[in-house]
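One structure below.
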Amino acid sequence: MRRRAVLVTGANGEVGHGLIDRLAQMGETNIVALDVMELHDSLRPKVKAAVIGDILDQDMLQRIMSRYEIGSIYHLAALLSTRAEITPEAAHRVNVEGTINLLHLAIEQSRLIGERVKFLFPSSIAVYGIPTLDAKAAAPPVGEEDFCNPTTMYGCNKLYCEHLGRYYSHHYRRLAATPEPYLVDFRAIRFPGLISAFTLPSGGTSDYAPEMIHAAAQGEQYHCFVREETRIPFMAMPDAIKALLLLANAPVERLTRHVYNVTSFSPSAGEVASIVQRDFPNAQITFTPDTRRQSIVDTWPAQVDDSQARADWDWQPDYDLTSAFDSYLIPNIRQRYV
Ligand code: AKB
């Protein structure tokens, strides 16, 4: 008997940690966690199975399919923007071919279980490519259809995967003699930079904010790799998980699109540093911009418009900048490094 399961790829990543914790708290006992690394000890008791494997390994994916009935997939595995610029072709393989493999798995599963398989996909503000700093300063909060000209491999990968999701949801093998009856129910969120109190990101370009906070809490000096006035949207990790689960559970009839912006607050790097220095008065933060990484964040919007998520699935963040620091980040980070 194949057992019903929720598949989480990239389970060891920051969003994976937050999501598995939350799903387990909600009583989900059938999580299959997939990651290239061994699952972190703290997550092990919260999942039904922890599979070590690469999403490019078709045989391994077939083995998962033969053991479980996968009704929903949270496909979190990806190489982030900075890492992807270092090895663009590897990023393409993981971010695009890996996603195709998972979309294909979803199609196969939908045939077996006789219903659409939900496919939750974290996209990113990296899909935006604003051409100049003047245009960035002049832009109103950016909507889902604006400035979709990414300048990074990661942004290109995410944007293309959004289109693949739409294709697999509505048009897959449209010339086949018998139309596909079930297909995939693809839902994506364009996340801003995420900040967790419990984990650190790696390989992203929005990493300066979480790195600054965690460095200060450990009494380490931090050299921020973007200019003080750099502004992009951020979100506390619990809100990112909230958004994923709200979208996953939204009735399909209410959804007017496949891809939604979400946002919480948009501080400049200097504003983040000021708050960190308020809470950790000995924090040593200097700004030593890396022009190449700076050129990436300069193309990302200062603010995004998430009105469609608010209208379609009642999205609203629990944390603004003040409460993210005062009620979530600082207390938990202090405890983490005592
Ligand atoms: C990155 O910096 O690559 C990610 C993102 C904004 O998607 N955190």
Side-chain angles (χ1 to χ4, degrees), residues 9-10 12-19 74-88 90-92 94-96 98-99 120-130 136 141-142 144 147-162 188-214 224-227 230-241 243-244 259-269 272 289-290 292-304 306 317 324 329:
T9 73
N12 260 330
E14 288 208 285
V15 179
H17 269 253
L19 179 67
Y74 292 83
H75 174 40
L76 312 178
L79 298 189
L80 298 186
S81 54
T82 291
R83 172 69 209 282
E85 286 314 297
I86 296 165
T87 53
H92 181 89
V94 173
N95 295 348
V96 176
T99 300
L120 273 294
F121 182 70
S123 188
S124 163
I125 52 165
V127 302
Y128 298 114
I130 305 185
K136 174 167 170 163
V142 167
E144 283 88 349
F147 295 112
C148 284
N149 295 303
T151 63
T152 59
M153 182 52 126
Y154 172 72
C156 293
N157 296 161
K158 287 290 186 187
L159 188 59
Y160 178 52
C161 287
E162 292 177 0
I189 293 181
R190 287 186 186 157
F191 281 118
L194 300 179
I195 314 180
S196 168
F198 303 104
T199 51
L200 267 162
S202 83
T205 319
S206 62
D207 295 2
Y208 60 88
E211 283 174 358
M212 203 185 280
I213 307 167
H214 283 261
C224 182
F225 59 80
V226 298
R227 289 188 306 270
T230 305
R231 194 180 294 280
I232 59 167
F234 282 99
M235 177 175 284
M237 187 58 78
D239 273 332
I241 306 305
L244 265 181
V259 178
Y260 290 89
N261 280 341
V262 293
T263 189
S264 302
F265 42 83
S266 284
S268 68
V272 176
D290 169 335
R292 289 167 304 175
R293 289 179 98 184
Q294 179 75 51
S295 73
I296 293 178
V297 280
D298 284 348
T299 67
W300 295 351
Q303 288 185 321
V304 296
D306 63 1
L329 291 169

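Ligands are counted one by one from 1 in listed order, and the atoms in each one are counted from 1 as well.
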Taking distance alone, with N or O pairs closer than 3.5 Å, would you say Y154 contacts ligand 1? yes
Reported OG-to-CZ distance for the pair S268 and R227, which is rounded to 0.5 angstrom: 11.5 Å
Say whether D207, considering both its backbone and side-chain N or O atoms, lies within less than 3.5 Å of an N or O atom on ligand 1. no
Can you report which non-hydrogen protein atom sits closest to atom 1 (C) of ligand 1, along with the distance? S81 OG, 3.3 Å
Geometry only, no angles: is W300 polar-contacting ligand 1 at N/O separations under 3.5 Å? no
With a 4.5 Å heavy-atom cut-off, do P301 and F147 have their side chains touching? no
Close side-chain approach of I195 to P210, heavy-atom, < 4.5 Å: yes
Looking at S124, which atoms of ligand 1 are within less than 4.0 Å of one of its heavy atoms? 5 (C), 6 (C), 7 (O)
Would you mind reporting whether T205 and W300 have side-chain heavy atoms less than 4.5 Å apart? yes
Please determine, by modelled atom types, if Y208 and R293 share a side-chain donor-acceptor pair under 3.5 angstrom. no
For atom 8 (N) of ligand 1, find the nearest protein heavy atom and state the residue, atom name and distance (0.1 Å precision). S206 OG, 2.9 Å
T205 neighbourhood, listing ligand 1 atoms whose heavy-atom distance to it stays under 4.0 Å: 1 (C), 2 (O), 3 (O)
Counting only heavy atoms, which portion of A126 has something under 4.0 Å from ligand 1: side chain, backbone, both, or neither? neither
Taking atom types as modelled and ignoring hydrogens, do the side chains of T263 and Q303 form a donor-acceptor contact shorter than 3.5 angstrom? no
